[in-house]
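A short write-up of the structure that comes next.
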Number of protein chains: 2
Amino acid sequence: MDLLFDHIEQHYPLSSAAREALAENFEEQVLAKGKFLITEGRVCNHLYFLQQGALRGYITVDGKEQTNWFGFEEHFITSFHSFITRQPSVENIQLLEGSILWSISKAQLTRLFDKHHEIERLVRIIYEKYYIRLEERYVNAQLRTATERYEHLIRESPHIIERVPLGHISSYLGISPETLSRIRSRF
Amino acid sequence: MDLLFDHIEQHYPLSSAAREALAENFEEQVLAKGKFLITEGRVCNHLYFLQQGALRGYITVDGKEQTNWFGFEEHFITSFHSFITRQPSVENIQLLEGSILWSISKAQLTRLFDKHHEIERLVRIIYEKYYIRLEERYVNAQLRTATERYEHLIRESPHIIERVPLGHISSYLGISPETLSRIRSRF
DNA sequence: GTCTTTTTTTGACAATTGTCAAAAAGCATC
DNA sequence: GATGCTTTTTGACAATTGTCAAAAAAAGAC
């Protein structure tokens, strides 16, 4: 739980009262590789903090998987669309490694917003940061050639190659596994 | 200004005290077609509400313009990355039509967060909505063929074609103007 | 270790898209 | 209307990427 609060402090420093209130509402969760945190069709009512491990979020388009993001240690994770709208998720979140997470329900979090203004501020600030991160992902996805997108990926997150099967990376880059293999073969 | 508060009420109903505080801090701005709301290299310190008109946000990559979004009536607009980080904008925001906007500075808004919890809540909720809208844009941008992306665009926002030059639409879809022209020629 | 299954690579070919150049159409201004 | 200027279209060709099939490599199960 220390890692969770270390991460929170990086965004906004909380009073000890707010920290304790949060601590009471987070629950630890340990999941094995290959399992799903969220599957499409179900409403996602929880926000997760990934303490240890790796996940990916993907949707199914024409029977094929399209990976939208990879998540590693010390990030908040959820199926945001479902969490926000309370509608069934279109996204699947899968464990790429055995992972340790902390979860809090939307109802609990909303209750804390009323009790502690600073917790709502924290979440507002986290949304800001996550928004601009998503913007960056969007801009990179728009890069013209697959080679540029791949180069950008290994430049920004070189560790990804060692932790994620290439098939998922190709679906993240929006190309076929064959094309990714050919790009990699010419360095 | 009525439109601004109509829009706000759709997200979260404010007390009259909060509404008045907001009203005091928004300023009207009228800009002509072709002008820029924000240019790259400058810090964007304001959040804008577009009451009437049309804009686009784009970045410059290898000397070419890459349109990231179009903005029409009744949306909040800013160069989010710059507004949030207080760093120089990489994005340009250009007026596609003569437009009427309402602006509030980041400093003023931040001051209001401390005075009125509900205004910070409103902004938190707006971020949620804008986040999932950006997610949708991301997913659509990942569609395999340019034809699919074009079809999706005219299905979701058919009005766009009448208000935006095709050159900007092709740069939004990530294709050359020639390719867009050919896609359109076969309906 | 061997066997099985999954992932990655390679080859051949087709489809999609980009680039360059020129023509056509549209839009201002006079 | 005629005149420039910008946008859009069309043609020819090259580059990129996808698809299908099969081989090679890697990862798991026993």
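Letters A, B, ... are given to chains in the order of the sequence lines, protein chains preceding strands, and every chain is numbered from 1.
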Subject >> Five-pair end axes of the helix from C:dG1-D:dC30 to C:dC30-D:dG1, angle between them (10°) >> reply: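 Between the first-five-pair axis and the last-five-pair axis there is 60°.
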**OP:** Taking atom NZ of A:Lys129 as the centre, report whether more than 12 heavy atoms of other residues, nucleotides or ligands fall under 6.0 Å from it.
**Re:** yes
Original post:
So, for B:Phe76 and B:Tyr48, is the gap between ring centers shorter than 6.0 Å?
Top reply: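 No, ring centres 6.0 Å or more apart.
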Subject >> A:Phe49-A:Phe26 aromatic ring centre distance below 6.0 Å >> reply: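 Between A:Phe26 and A:Phe49, which both carry aromatic rings, the centre distance is not below 6.0 Å.
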Between [N] atom [atom2] and [X] atom [atom1], what is the distance in whole Å?
X        : N      : atom1 : atom2 : value
A:Ile183 : D:dG18 : CD1   : P     : 8 Å
B:Leu180 : D:dT9  : CG    : C1'   : 11 Å
B:Tyr150 : C:dT17 : OH    : C1'   : 17 Å
B:Glu65  : D:dT7  : CD    : C1'   : 14 Å
B:Glu178 : D:dG11 : CD    : C1'   : 11 Å
A:Gln142 : C:dG18 : CD    : C1'   : 16 Å
B:Leu143 : C:dT16 : CG    : P     : 15 Å
A:Leu166 : D:dA27 : CG    : P     : 11 Å

**OP:** Measure the spacing between CZ of B:Arg149 and CD1 of B:Ile154 and express it to the nearest 0.5 Å.
**Re:** 14.0 Å
Subject >> 5' priority, DNA chain D, between A:Thr179 and B:Pro177 [closest heavy atom] >> reply: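 Closer to the 5' end of DNA chain D: B:Pro177.
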Side-chain N or O of [X] less than 4.0 angstrom from OP1 or OP2 on [N]?
X        : N      : value
A:Lys64  : D:dG18 : no
A:Ser176 : D:dT17 : no
B:Ser181 : D:dT9  : yes
A:Lys33  : D:dA27 : no

**OP:** Report yes or no: is there a donor-acceptor pair, N or O only, under 3.5 Å between the side chain of B:Arg182 and the base of C:dG18?
**Re:** no
**OP:** Check every strand shown and say whether A:Gly174 touches a base, only sugar-phosphate, or nothing at a heavy-atom separation below 4.0 Å.
**Re:**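 Since only primed, P, OP1 and OP2 atoms lie under 4.0 Å of A:Gly174, the category is sugar-phosphate.
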Subject >> Which nucleotide in C:dT17, D:dT10, D:dT17 has an atom nearest any side-chain atom of A:Ala146 >> reply: D:dT17
**OP:** May I ask you to check whether A:Trp69 and B:Glu135 show a side-chain donor-acceptor distance below 3.5 Å?
**Re:** no
Subject >> Short side-chain donor-acceptor distance under 3.5 Å, A:Arg56 and A:Thr67 >> reply: yes
**OP:** Decide yes or no on salt bridge (charged side-chain N to carboxylate O under 4.0 Å, His left out) for A:Lys33 and A:Glu97, but give the supporting numbers first.
**Re:** CA-CA 4 Å; A:Lys33 180 175 173 176; A:Glu97 303 172 0; over 6 Å; no
